[in-house]
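Just below is one structure, and these are the notes that go with it.
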Amino acid sequence: MEGISHEACSLAGTLGLGKLIAFYDDNGISIDSEKGHIRSWYTDDVPKRFAAYGWQVIPNVDGHDVAAVHRAIGKARRETMRPTLICCKTTIGKGAPTKANTGGAHGAPLGDKEIAATREALGWKFPPFEVPKAIYDGWNAKRKGARRESEWKKLFAAYARVFPTEAAEFERRMAGELPKDFAAKAGAFVAATNAKAETIATRKASQNAIEGLAPSLPELIGGSADLAGSNLTLWSGSKPVGKEGGGNYLFYGVREFGMSAVMNGLALHGGFIPYGGTFLTFSDYARNALRMAALMKLRAIWVFTHDSIGLGEDGPTHQSVEHAACLRLMPGLDVWRPCDTVESAVAWAFALERKNGPSALLFSRQNVAFAQRSEGAIANIQRGGYVLSEAAEATAAILATGSEVPLALAAQKQLAEAGIAARVVSMPSTTVFDRQDETYRASVLPKGMARVAVEAGVTDFWRKYVGLEGAVVGLDRYGESAPAGDLFKFFNITAEAVTAAVKQVLSQR
């Protein structure tokens with residue numbers, strides 16, 4: 001229990017999750033203390049701590065007494081307004097003559113001799129991996145489950161006869177299917193966004209996307225870890241979730257991991273598509289939950305704003321440098337860093353439609369210029385990378401994401417004035433681009449074409465696309481505290497630097 005996040009437990013008490021039951025295995029042992037005992041360094045009063053969180057606490061239960069544990073569970077089930085912690089006092093490795101109540105039973109096999117002695121001490125006569133019939137039958141819930149499933153189906157069928165529309169909606173949501181008209185509505189929203197051609201921060205473009213798409217998705221449930229006003233995760237239809245029930249938005253407080261754990265739980269339950277926001281740098285606090293979402297292929301959406309040194313005066317503690325690259329290396333996590341309103345809208349639609357894994361959407365604090373593009377280019381955004389601006393007989397490709405795409409477009413013009421043709425490739429999602437077929441990827445980044453990447457972050461990640469012979473304009477140190485524009489110039493992340501890099505790469509060919 002010590003490993004469970006305090007913020008997640010606090011949040012459970014705040015929300016009054018009366019159906020939640022947790023067991024604290026209080027065996028007093030860890031791996032790396034003298035003989036494994038924790039009393040010299042772990043002095044928390046766990047029951048009092050959880051009572052302070054607002055939990056019902058059932059203390060001093062003998063964890064080896066089946067009847068006592070059963071009674072405690074019964075008491076926990078009768079509590080409807082608070083989560084319950086059942087504190088079970090146990091002996092780790094009980095029955096092992098030399099390793100019981102020691103760290104030796106925690107993280108290593110007992111060994112053949114100790115196992116044999118433990119069997120004798122416990123009176124266990126059954127061979128390895130055999131579950132005795134009496135125990136198996138006691139835990140076998142097939143008949144009970146089949147009966148309850150049959151009862152549920154009859155109840156639901158009766159409900160469906162009276163409320164067919166509501167029943168169909170429930171089945172749609174629990175199956176994880178989006179409304180049939182969602183794709184059409186998302187396409188119309190992207191087209192409308194393109195027509196507006198707004199120059200705004202992509203965090204604002206994200207809020208616009210939520211505002212445009214959420215009315216079609218009653219299963220969407222949002223939130224933010226104390227930064228709703230900065231992440232712009234609220235929309236006009238947001239209603240707070242509280243103990244009284246209802247609502248579609250959670251104010252998590254400063255609980256990045258707690259938020260992410262709840263998002264995972266909602267996705268696992270089904271019937272919901274959760275999204276939650278914080279600054280990109282604070283993805284560090286959510287990382288283990290993010291990894292679990294990717295491992296379990298959950299449909300959950302993280303909104304990470306303030307995505308680079310572009311947030312300015314908050315300084316290097318808040319300025320993301322390595323975070324985009326780190327997230328892109330996480331298997332199964334789709335990472336999007338859109339460059340304008342249209343890419344933001346497409347990223348949101350793609351993340352909502354994705355059923356087999358989580359998405360991280362990275363948005364800017366500062367305004368980013370709208371990028372003009374063809375209808376064909378708009379259609380290719382969902383492929384993760386595409387030719388945003390072509391040049392006839394291009395000899396070089398400039399790869400960019402997010403707020404650095406305007407730098408690439410400016411460099412393209414500078415190069416054209418010098419007689420050098422370069423195409424601009426926007427790569428809002430390298431993870432999605434990498435899943436495209438080889439023919440498409442080669443059409444965007446042909447072999448033999450000189451390549452330069454620009455992103456206000458660590459440079460090594462981009463070597464997979466530009467190779468050792470290419471160049472990367474980026475940042476391999478932490479930021480500074482200054483206005484965003486000054487920082488980009490200070491770190492030489494400019495159109496002029498991109499232009500110089502392209503010329504240098506071409507000169508070496």
Quick check: does any side chain N or O of [X] sit under 3.5 Å from a backbone N or O of [Y], one acting as donor and the other as acceptor?
X    : Y    : answer
T431 : V335 : yes
S150 : R147 : no
T84  : I21  : no
E404 : A456 : yes
R354 : P358 : yes
Q366 : A201 : no

Who are the salt bridge (Lys or Arg N to Asp or Glu O under 4.0 Å) partners of [X], not counting sequence neighbours?
X    : result
E169 : R172
E151 : none
R435 : D334
D434 : K464

### Query
Stepwise, does the side chain to side chain donor-acceptor pair (under 3.5 Å) test hold for Y249 with T233?
CA-CA 9 Å; Y249 193 91; T233 44; 2.6 Å; yes

Looking just at side-chain N and O atoms, do [X] and [Y] make a donor-acceptor pair shorter than 3.5 Å?
X    : Y    : answer
Y285 : S260 : no
T91  : N101 : no
W348 : S206 : yes
R441 : Q436 : no
S403 : S364 : no
E211 : S236 : yes
N231 : T305 : yes
E114 : T98  : yes

### Message
Show, in sequence, the C-alpha distance, side-chain angles and deciding distance for E455 and W462, and conclude whether the side chain to side chain donor-acceptor pair (under 3.5 Å) test is met.
### Response
CA-CA 9 Å; E455 185 174 62; W462 290 99; 2.9 Å; yes

Is the distance between the ring centroids of [Y] and [X] under 6.0 Å?
X    : Y    : value
W336 : F350 : yes
F282 : H318 : yes
F126 : W124 : yes

### Query
Under the salt bridge (charged side-chain N to carboxylate O under 4.0 Å, His left out) rule, what pairs show up with a residue in residues 281-297, not counting sequence neighbours?
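Output for this query is empty, none listed.
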
Do [Y] and [X] meet the salt-bridge criterion of a basic N to acidic O distance under 4.0 Å?
X    : Y    : result
E480 : R477 : yes
K355 : E177 : yes
E149 : K153 : yes

### Message
I'd like to check the ring-ring contact (aromatic ring centres under 6.0 Å, His included) partners of F156; sequence neighbours left out, ordered by chain and number.
### Response
W152, F170

